[in-house]
Each structure stands twice: as structure tokens, then as C-alpha cells.
Amino acid sequence: MKTDVRREKELEIKRTILIVDDEEINGDILSSFLEDDFYILRAFNGKECLEILEKEDKVIDMVLLDIYMPVMDGYEVLRERQTNAALKRIPFIVMTSEAVIEKECFHLGVNDFIKKPFDNPDIIVARINRMIELYEDRSIIKEVKRDKLTKLYSMEFFKKYCAQFNQRHPRIKKDFLAINVTRFHLINELYGHDYADEILKDIASSIKAFVRENEGIAARNDGDNFYIYCHHKDDYSGFFNDIIEHVRGLTHANIVHIRVGIHPNVEPDMDIDIVIGRAMVAALAVKEDVNRIFAVYDEESEQKNRFNESLINSFDASLQNKDFKVYFQPKYKIQGEKNVLGSAEALVRWVHPQYGMVSPGVFVPLFEKNGLIQRLDKYVFNEVAEKMAEWKEKFGFYFPVSVNVSRVDIYNTNLEEDILEAFDSRHIPHEYCYIEITESAYSTGEDTIIKLCASLKEKGFLVEIDDFGTGYSTLNSLLDIPFDVLKIDMSFIRKLDQNPKNATIIQMIINICKEIGAVSVAEGVETQRQYEFLKEAGCDVIQGYYFSKPLPESEFTELLKKELAK
Ligand code: C2E
Ligand code: CA
Ligand code: CA
């Protein structure tokens, strides 16, 4: 059975030992004794030893030094150490087969000796451990190197160790974990600091056991944040369960939850602060869901988040500079053999100063989340009204255009006012203004939408239900909503060839429209086959690449001119 001391030892984090010996075999033998308990660095003469110490003095816990070596011998290293306060803080053990040199070495401040040849590994390990402990106990470094409460590394040292860890394990994939105790301040306030400290120590002991078993290093920061840098694992559930088991043993276990952010496969040359930040971002993504403990940092989704943020940030300037361009997609009336260009749908694009052409599929959902969509739609209403006025001037007639109203716009109390202002200020008769409202809006705010549609219709606008068939509105609710046009969702058209049921559904919608006196529109029509089916089925209006893609304003004006000449 293990003694408590031994167990405590096992939970400690591995120390680093520098072995300095010109004879490779000696170093190899010693390493084989020590590598289970320590990280090993090697140097082959005094000069190399000093170079490594200079670079990594804060990280090396002990030096095992040979005396007779080429280039620079052990005595010279010891003399140098006597003049250097930083080096004095590191214990030195000399490895020797000659009792005579011991005296000289003591004068030079050596702390202990190991006899060559190395015959008793247990004694060597015990000596080294004792010496390190002795030194750490009296060293002031310990205060800053380790977090007092948990004995995990302090952040400052941890970051340096991470770099070392990369050097020591160059070809091995590594992960970074950020572990956070949620609402820790509450635990502090409710149960006091002592209890809160016990929790932190408990978690730290699970972490220590983990990093020992899985080759890693760990630190605590800011009270309730722990960090681990370790060899990659596909599955951490065993470790998380271990922490939870530990926590479960506490008196007020219910209130203690942890969340973990994992940054897998960290690139070795990546800035450690960035890695920490990413792991924290992932940890924050774990909501207060008791059943969820960890989230993995996802480069792709983070990039998307940053991209979205930059889009939002550039919105104001782009609106001002008119970087948003309204395109027009023709809608054709299916009339006997001759199809007539009857109206167009206004579709907005963003010619972004940095990203170029951005599709509304990207920014509309984003703007719907933060309310910017209302301002964008108002802008589109005005651009469209402006064009309609221009065409009237140019061609002598009003050409009908439909504008899209976002489902979140439905709750905008100024929506109607915005529409009226745009079209009335340019004296556009309302009958030429079609308003497309997506069907999903109908299922969320039924009362609001019924009132809105009724009011728009009353003022003479045409109301189109967009994407029909994708929302959850029942046929029953359709009867309550005043509308003029049903736009069959393009997914039915797209799947027309795959599943005959789509043909049945399309036919059914067209029939309903005929029954109730509404206009049926099919959008997303791309092929001759789709077109012919719809024509046969009696669809009133067709929109899609089969006729034309959405066109920039100038091209659409050209098209209007050509159609006029026909
Ligand atoms: P939507 O209202 O359903 O518009 C139809 C979409 O289908 C447009 O995509 C159009 O370019 C595309 N489309 C048209 N014909 C075809 C075809 O034959 N094949 C295929 N594959 N696609 C076709 P777009 O322009 O990318 O717009 C996407 C969505 O963004 C629109 O879907 C609409 O919900 C929204 N949107 C666009 N402009 C505005 C706007 O000014 N305000 C608001 N609130 N939403 C807008
Ligand atoms: Ca639409
Ligand atoms: Ca649509």
C-alpha cells in the first residue's frame, strides 16, 4: 500500500532535471532511472550546461553535474554558479567516482553527491527528491513558481513551461484545456473562503493526477480557472468524470459545476495567450447546462464569428456609402405561348469594401438577430421606390416590384410607416408595390401579422406569402391572413424530379390559389422540365434562373427596354 507521502508525491507535477555528462551512456542510464518521475534535459559539457541554464533557469529544478568534461569542466560551472544568484537557487548534485573531489566540490557549494557507477536507482531518486524539496522549501522562487493553495504552477511560469513542453515533446500532438468553476463567487459568498478553497484543492488534485498520467503541465489562474497543456487525447471523459466524482464528495456538491474548453492539436509555434483565449472561448460556450461539461474550440466557427462581427461593425459605413446594391430578378407571367415580364423581386447584395460581394444568405440572418435588418429593409424600400420612379420617368409606366420584409420586421412598429414613406414620397401607387413576407413569420406572431397584412392590403399594397410550405402555418390559419399571392417554396421545385409527391404538393397549392382567387408564384425554377411542369399545372408566375438570375439595376433597366420593344 502506498503511504500518504508517496501518494502526495505522485500527485505532484513533474520537475525538470538537467543532466550534464560528456559520456552519453552515463546520461542514458540516469535518464532511464529518472524519466518516470522527472522531465530530463541533457547537456554534454559545462558550456552547454550554462547556456541551457541561462535560457531556462526558472524551469530547471536540479542539475546533475559531471566534473571531468571537455570544453568546460564541472569545476568551472560551479565557480560560475557562485557568482550568479539565479543559479544559486538551483540545487546541484555532482556525479563522481572519486571521493577526493568531494571536498573541493563542497567548497564550491555543491549540495550532494551521487556515486558512479549508478547502481541503486531508488536511492538516487530519493536523494534527488529530498534535495529538490529542501531547496523548494527554503526558496523564495517557490512562492512565485507555484500557486500557494493548489501547488499547481503560477501563470507566469506555466506559460514558460508550455514553450518548454513543446521543445521536449516536439513530435507529439498536444491539447490545451481551460477548466472553469462556474459561479465560483457564489460559492465563496455562500459558504465562505475556506470551503471554496477546499473545492479548488480538490479539483487541483484531480488535475495533478491527470497530468502525471497523461504527460502534461497545469496551472491555476484568477481564482477559479485552471489550465492544462498535455499530450493529445481523443476522449477526456474519464478525467472529467474523475473531477465530478471528487466534487460529488463535497457537502454542497450541487452548486459546484465545472466547464471545460478544449483547444485540440495546438500548433507549437502559436502564441500561448491566444491558445488560452481560445480555450476560454470554448469553455464559455458550455452553457449552464448540468449535462454538458466541455466544448471543443472550433477554428472554423470562431472565424465565422469574427467575420460576422466585422460585418456588423462595417454596417453603418456601408449603408452610408451605399455599398448595399439592390438587384432585380424578373418574374414572368405564364400566359399561353407568350410569357410576359410582369414584375421583379428586389434582392439586396452587399458589395463589401473588404470582402467583395456578400450574399444576403450570409448577412440577412445575422442582421435579423441584432435588429439591423430594419434599417437595411428601410434602405431597400427607398432604393426600390427610387428606381420605380426613375423607370416611370424613362418608360412612362410603373413597373411592379416586390420587396422582402424580414420576419423580425413584423414586430417593428415603424414598418408600415417606413414602407409608406419610401413609396409615397416618390408618388408610387401602392398597387405596384408587392410586399413579400416569409411564411415562417406567420407562425410566430399570428395576431400581429394578420393586422399588418390587413392594413397593408387596405392601403392597396399586394401581400405575398413567401417560401410557402416551409413554415408551420396550417391551411386553416391561411384563411385568416389576408394575402394576394402565394410563393411556393423553391425546395418543392428543386425536388420535383426526385420525389413525385412534390409534384402533388405543388399542384395542390396551385389549385388552392385558384380556389381562393390568389396568384400562384413558383420561384427557383431552373430547368425546362420544371418550367413545363409548372406551366402544365397552371402556375401563374414563374421566377428563376430558367429565365434570369437577379440582375444589377442597369442590366435590369436594359431588359425592361428590350421587353418594351417586343
Ligand atoms: P428569398 O426571398 O426566398 O429570395 C429568393 C432567393 O432565391 C434569392 O436568393 C434568389 O437569388 C434565389 N434564386 C432565384 N432564382 C433561383 C434559382 O433558379 N435557383 C436558385 N438556386 N436560387 C434562385 P438571395 O438573393 O441570395 O436571397 C436570399 C434570401 O435573403 C432571400 O430569400 C430573402 O429571404 C433574403 N433577402 C434578400 N434580399 C432581402 C432584403 O432586401 N430584405 C430582407 N429582409 N431579406 C432579403
Ligand atoms: Ca422573397
Ligand atoms: Ca422565397
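Start at 1 with the first residue, then count along the sequence. Whatever order the structure lists ligands and atoms in, that order sets their numbers, starting from 1.
Both the backbone and the side chain of Asn404 come within contact range of ligand 1, each with a heavy atom under 4.0 Å. Contacts between Val525 and ligand 1, counted as non-hydrogen atom pairs separated by less than 4.0 Å, involve the backbone only. Residue Ser406 touches ligand 1 through backbone and side chain together, judged by heavy-atom distances below 4.0 Å. Heavy atoms of Gln543 found under 4.0 angstrom from ligand 1: none, in either backbone or side chain. Neither the backbone nor the side chain of Leu376 has any atom closer than 4.0 Å to an atom of ligand 1 (non-hydrogen atoms only). Under 4.0 angstrom from ligand 1, the non-hydrogen atoms of Glu523 all belong to its side chain. Contacts between Val380 and ligand 1 below 4.0 angstrom, taking non-hydrogen atoms only, involve the side chain exclusively. No part of Lys487 comes within 4.0 Å of ligand 1, judged by heavy-atom distances.
Side-chain atoms of Asn382 and Arg426 include a donor-acceptor pair closer than 3.5 Å. Inspection of the Lys459 and Ser455 side chains reveals an N or O donor paired with an N or O acceptor under 3.5 Å.
Using a 4.0 Å heavy-atom cutoff, Glu345 is listed among the residues neighbouring ligand 1. Between Arg349 and ligand 1 there is a heavy-atom distance shorter than 4.0 Å.
Taking every heavy atom of Arg494 and a limit of under 4.0 angstrom, the matching atoms of ligand 1 come to 21 (N). Close contacts between ligand 1 and Gln329 involve ligand atoms 14 (C), 15 (N) [criterion: under 4.0 Å to a heavy atom]. Close approach of ligand 1 to Asp467 (heavy-atom distance below 4.0 Å) involves ligand atoms 3 (O). Below 4.0 Å from some heavy atom of Gly544 lie the following atoms of ligand 1, by number and element: 15 (N), 18 (O). Interface of Glu526 with ligand 1, defined as ligand atoms under 4.0 Å from a residue heavy atom, comprises 17 (C), 18 (O), 19 (N), 20 (C), 21 (N).
The aromatic ring centres of His263 and Phe176 sit 6.0 Å or more apart.
When atom types are taken as modelled, the side chain of Ser548 and the backbone of Tyr545 share no donor-acceptor pair closer than 3.5 angstrom. No side-chain donor-acceptor contact under 3.5 Å links Glu345 to the backbone of Gln329. No donor-acceptor pair closer than 3.5 Å links the side chain of Lys549 to the backbone N or O of Tyr546. Remark: the backbone N or O of Gln374 is not paired with any side-chain donor or acceptor of Asn412 at under 3.5 angstrom. One N or O on the side chain of Asn166 and one on the backbone of Pro268 form a donor-acceptor pair closer than 3.5 Å.
Taking each of Asp466, Val362, Val408, Val364 in turn, the one with a heavy atom nearest to atom 46 (C) of ligand 1 proves to be Val364. Evaluated by nearest non-hydrogen atom to atom 18 (O) of ligand 1, the leading choice among Tyr545, Phe367, Tyr546 is Tyr545.
The one candidate from Tyr379, Phe324, Phe363 that meets the ring-ring contact (aromatic ring centres under 6.0 Å, His included) condition with Phe315 is Phe324. Of the options Tyr432, Phe397, Phe556, a ring-ring contact (aromatic ring centres under 6.0 Å, His included) to Trp391 is made by Phe556 and by none of the others. Test Ile258, Leu284, Asp224 against Asn180 for side-chain contact (heavy atoms from CB on, under 4.5 Å) and you get one pass: Asp224.
Restricting Glu436 to its N/O/S atoms, the shortest distance to the Ca ion (ligand 2) is reached by OE1. The Ca ion (ligand 2) lies closest to atom OE2 when only the N/O/S atoms of Glu345 are considered. The closest approach of Asp466 to the Ca ion (ligand 2), by N/O/S atoms, is made by OD2.
For Glu393, the CD atom sits in a loose shell: 12 or fewer heavy atoms of surrounding residues, nucleotides or ligands are nearer than 6.0 Å.
For ligand 1, the polar-atom distance check finds an N/O of Val348 within less than 3.5 Å of one of the ligand's N/O atoms.
Using a cut-off of 3.0 Å, one finds that Thr438 contributes no N/O/S atom close to the Ca ion (ligand 2).
Contact record, Ser206 with Phe239: O-CE1, 3.8 Å, taken as the closest heavy-atom pair.
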